[in-house]
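The structure appears right after this line, and notes come after that.
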Amino acid sequence: MMTLGVEAVRTVAVLGGGTMGNGIAHVFARSGYTVILRDVQQSFLDRALGTISKNLDGEIKKGSVAAADKPAILGRIKPVTDLAAIAAADFVVEAVPERLELKREVLSEADRVMRPEAILATNTSSISITLLAAATKHSERFLGMHFMNPVPVMALVEVIRALQTGDSAFAATLQLCEKIGKKPVAVNDAPGFVSNRVLMPLINEAAFCVMEGVATAEAVDAVMKTGMNHPMGPLELADFIGLDVCVDVMDVLFEGFRDTKFRACPLLRKMVAAGWHGRKSGRGFYTYSQR
Ligand SMILES: NC(=O)c1ccc[n+]([C@@H]2O[C@H](COP(=O)([O-])OP(=O)(O)OC[C@H]3O[C@@H](n4cnc5c(N)ncnc54)[C@H](O)[C@@H]3O)[C@@H](O)[C@H]2O)c1
């Protein structure tokens, strides 16, 4: 079965309205697509739409979205709790929590409900796209679409090809990213893709520098900001991402490659054990005043 070309895509379904899902719904609606936003409870959908509305206000303030367009953008998003509604979608992006069994269940159910020519993408940040593709019957229309947080702001989408992904689904997804103003980069499926495989060892090594007493967190970040022009230091960024997430991703890389170069820094693990998860817990490499 041939998958749809990019011009035929009009309606996009997003599964999960959390941090990533509401951002993904936002960018598709902003670009004129009808969006079916699916979550498991009405209250989660209400919260997602509230966040999208607030983020649109921010864009209006900056001048990147016209105030007059806001009602139409919000009007294009149809919140649903019934998965059967995604039968109307030409393209589906899954953004449910990062748990293998949950993803398998949601993706195989979505695959059954969707039209056979529609494309199905997962926003997983660490699970094998090839493994998830195997949970679907139409794996040639399945691929990874790794958006960055916050989605309305960050340009990159890693478009990840599973072993099973067909050429037409892959090409249409790259084009669709351009249509919503994103910068797609094509990569093949491998642990951490490119983004986390390169970023996380950088953060991990920065943590080793602190653990070994080579430099303070401030000094490590200063070297990378002023010497390498990174907008944020690696440890500031680690606090922003969450130290627990950093350790989880290092573990995925370590297990995926079975290579000790990906072992998580013991200091990171110890900080996570202490409940120092970074910005969200009020303390990581830096301290933050609690909201
Ligand atoms: N947060 C990030 O920075 C980030 C970045 C890139 C990729 N990701 C990936 O994006 C995905 C989602 O992450 P998130 O941070 O948005 O999570 P989140 O917990 O903020 O949101 C997940 C949402 O999915 C909903 N959900 C649960 N089961 C569902 C189901 N069966 N059908 C529909 N919705 C369901 C939850 O109610 C919740 O609203 C994960 O795979 C994660 O690895 C996250």
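Both counts, for ligands and for their atoms, begin at 1 and track the order of listing.
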Residue list, ring pair (Phe, Tyr, Trp, His ring centres under 6.0 Å) with Phe170, at least two apart or on another chain:
none

Using the side-chain contact (heavy atoms from CB on, under 4.5 Å) definition, which of the options Asp221, Leu237, Leu268 pairs with Phe285?
Leu268

Of the options Val6, Val159, Val157, which is the one that meets Leu174 in a side-chain contact (heavy atoms from CB on, under 4.5 Å)?
Val159

Using atom types as modelled and distance alone, determine if a side-chain donor or acceptor of Thr81 lies under 3.5 Å from a backbone N or O of Gln42.
no

Quick one: list whatever passes side-chain contact (heavy atoms from CB on, under 4.5 Å) with Asp259, sequence neighbours left out.
Phe257, Lys261, Phe262

List the protein residues in contact with ligand 1, where contact means a heavy-atom separation under 4.0 angstrom.
Gly16, Gly17, Gly18, Thr19, Met20, Arg38, Asp39, Val40, Phe44, Ala95, Val96, Pro97, Glu98, Lys103, Val106, Asn123, Thr124, Ser125, His146, Phe147, Asn149

What pairs with Ala67 under side-chain contact (heavy atoms from CB on, under 4.5 Å), at least two apart in sequence or on another chain?
Ile60

